[in-house]
Amino acid sequence: MRRSGIREIMELASSMTDVIHLEVGDPDLPTPAPIVEAAHRAALDGYTRYTPNAGLPSLRAAIAGRLRDRHGLETSPEAVVVTPGAVCALATSVLAIVDPGEEVLVPDPGWPNYRSMVQLAGGRPVPYPLRAETGYLPDPAGLERLLTPRTKLLVVNTPANPTGALFPEEVVRQLVGWAREHDLYVLSDEVYEDFVFRGVHVPARRFDPDGRVVTVSGFSKTYAMTGWRLGYAVAPPEVAAVVSRLQEPLVSCAAAPTQKAAEAALCLPDQVVDGMRERYRGRVELAAGVLEPAGLLPVRPAGALYAFVDLRHLGDDSYRLARELLERERVATAPGESFGAEGRGRLRLSLTADEAALLEGCRRIVRFAGTD
Ligand code: PLP
């Protein structure tokens with residue numbers, strides 16, 4: 001497994017002063033107070049012990065209820081496995097589905113952890129390209145060329161990290177249909193589902209009549225709860241059973257007070273998340289207002305928390321670009337290649353800094369790019 005290029009920049013940045021930090025996708029907004037209070041109360045009430053591997057029955061039922069209300073997807077609580085962060089749901093799903101030597105189609109650019117999870121399972125990650133020319137959407141014909149008899153799983157991420165692309169309904173339908181045609185599982189990472197600025201999020205499970213889609217989502221991004229560690233998988237019964245069993249040797253279960261906090265999060269009025277979404281929407285517009293006129297943002301993000309900046313005119317080596325930008329302009333960003341080869345010559349900005357810092361960071365990037 002390769003070391004994350006993002007960590008490298010973080011370490012370099014930590015030895016400097018006056019740095020604008022746009023490298024990590026960690027919401028800067030606070031966890032809403034009712035969630036914090038619910039965790040406190042839960043701990044005082046004795047939620048301080050192990051829970052079942054798959055999570056508290058009350059939370060699994062609440063998540064199933066949310067999926068029914070929001071997306072009209074009938075979900076039994078048994079299909080829901082609560083995990084410490086979406087990352088654990090993704091990793092255990094990969095372990096449950098992929099045998100050593102099997103191949104997994106992963107987005108490029110895409111979240112680097114997909115590749116390392118597949119490697120951990122002894123599988124082989126096979127990147128499929130998402131190109132700016134097609135709005136960072138997958139090309140079904142391109143996927144077909146990567147298919148082999150060993151292909152087992154297709155990983156999909158919408159809204160996407162690092163590009164901010166939102167897959168339209170037709171694309172999601174096609175991808176799941178294509179997976180069914182070739183008897184593949186689909187792992188659909190929807191952790192940014194609540195941060196959509198244009199269009200609508202379409203869950204992959206909507207097109208899954210025969211139980212091949214595993215959906216992963218969580219609380220980290222939606223409720224600004226990255227440090228609390230809570231996510232979940234919604235899976236076909238045979239996969240849900242293995243994902244739940246895999247928690248036993250790895251983590252036992254998610255933390256009990258965190259699970260109670262998540263129940264409180266699901267009871268919050270919609271305005272709480274709407275407020276956060278509006279804040280991020282404003283930041284997308286702010287960043288786009290500076291980067292687009294300079295020709296540095298080929299596709300405006302429709303969702304998630306990132307802007308994927310194109311600096312290819314300065315060279316392909318995004319690690320060098322990120323280091324030079326940091327050294328010359330004191331702006332820390334994530335090198336595009338840490339998300340795959342398609343990230344060459346690009347940098348990912350996280351829209352998780354306050355507006356003034358983000359604006360100044362974007363202005364410095366334009367100065368660095370020499371296109372102003
Ligand atoms: N999936 C994607 C695409 C992410 O970007 C991240 C975190 O950055 C995660 C999953 C992990 O989320 P969690 O904090 O719930 O483990």
Side-chain angles (χ1 to χ4, degrees), residues 4-7 9-10 21-29 31 35 55 59 63 80-94 104 106-118 120 125 127 130 136 138 154-167 186-196 201 203-204 214-234 243 247 250-251 253-255 258-259 261-262 265-266 273 276 280 301-308 333-334 336 338-340 343 348-352:
S4 155
I6 307 173
R7 290 263 149 210
I9 295 296
M10 273 168 75
H21 289 276
L22 303 177
E23 74 274 41
V24 189
D26 196 351
D28 57 318
L29 309 176
T31 304
I35 300 177
L59 176 58
I63 292 169
V80 179
V81 183
V82 172
T83 58
V87 67
C88 184
L90 290 162
T92 46
S93 299
V94 169
V104 180
V106 294
D108 177 4
W111 195 42
N113 299 35
Y114 303 136
R115 276 174 276 145
S116 46
M117 287 169 188
V118 173
L120 201 58
L130 301 169
Y136 297 120
L154 167 67
V155 177
V156 174
N157 174 219
T158 175
N161 177 7
T163 63
L166 176 73
F167 295 5
V186 177
L187 183 55
S188 184
D189 180 350
E190 302 179 15
V191 294
Y192 295 105
E193 62 183 314
D194 286 297
F195 297 137
V196 171
H201 170 69
V214 178
T215 306
V216 169
S217 193
F219 292 74
S220 283
K221 312 290 172 173
T222 302
Y223 297 102
M225 289 177 72
T226 46
W228 294 72
R229 312 308 304 131
L230 203 81
Y232 57 89
V234 183
V243 168
Q247 298 228 89
L250 293 172
V251 290
C253 60
T258 294
Q259 293 190 52
L266 292 174
V273 178
M276 296 201 230
Y280 293 127
L305 305 174
Y306 310 101
F308 208 44
T333 56
S338 38
F339 304 93
R348 186 197 71 176
L349 318 186
S350 289
L351 306 174
T352 51

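Order of appearance sets the numbers: ligands from 1, and atoms from 1 within every ligand. Scope of the values below: all heavy atoms of this structure, side chains included, with no hydrogens, waters or symmetry mates.
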Heavy-atom gap Trp228 to ligand 1 smaller than 4.0 Å: no
Sidechain-backbone polar pair: Thr333 side chain, Leu349 backbone, donor-acceptor under 3.5 Å: no
Atom 11 (C) of ligand 1 - nearest protein heavy atom and its distance: Trp111 CH2, 3.5 Å
Arg229-ligand 1 polar pair, N/O distance under 3.5 Å: yes
Polar proximity ligand 1 side, Val87 side, N/O cut 3.5 Å exclusive: yes
Side chain, backbone, both or neither: Ala86 near ligand 1, heavy atoms under 4.0 Å: both
Which atom of Phe339 lies closest to which atom of Asp108, heavy atoms considered: O-OD1, 3.7 Å
Side-chain heavy atoms of Asn161 within contact of Arg348, under 4.5 Å: yes
Nearest neighbour in protein (non-hydrogen) for atom 14 (O) of ligand 1: Ser220 OG, 2.7 Å
Nitrogen or oxygen of Gly25 less than 3.5 angstrom from that of ligand 1: no
Atom pair CG/CG of Leu266 and Leu59 - distance to nearest 0.5 Å: 6.5 Å
Part of Asn157 with heavy atoms under 4.0 Å of ligand 1, whether side chain, backbone, both or neither: side chain
Within reach of ligand 1, part of Tyr114 (heavy-atom separation under 4.0 Å): side chain
Atoms in ligand 1 with a heavy atom of Asn161 nearer than 4.0 Å: 3 (C), 5 (O)
Option from Tyr280, Tyr223, Tyr306 for which ring-ring contact (aromatic ring centres under 6.0 Å, His included) with Phe195 holds: Tyr280
Phe219 near ligand 1 by a heavy-atom separation under 4.0 Å: no
Donor + acceptor pair across side chains of Asp28, Thr352 (<3.5 Å): no
Side chain Asp194, main chain Val196, donor-acceptor under 3.5 Å: no
Main-chain N/O of Phe219 paired with Thr222 side-chain donor or acceptor, under 3.5 Å: no
Donor on one side chain, acceptor on other, Glu193 and Ser217, under 3.5 Å: yes
Enumerated ligand 1 atoms positioned under 4.0 Å from heavy atoms of Gly85: 15 (O), 16 (O)
Sole candidate of Val214, Thr215, Val156 that passes side chain to side chain contact (heavy atoms under 4.5 Å, CB included) when paired with Val186: Val156
Contact check, Gly218 vs ligand 1, heavy-atom distance below 4.0 Å: no
N or O pair under 3.5 Å between Asp189 and ligand 1: yes
For atom 8 (O) of ligand 1, the protein heavy atom that lies nearest, with its residue and separation: Lys221 NZ, 2.7 Å
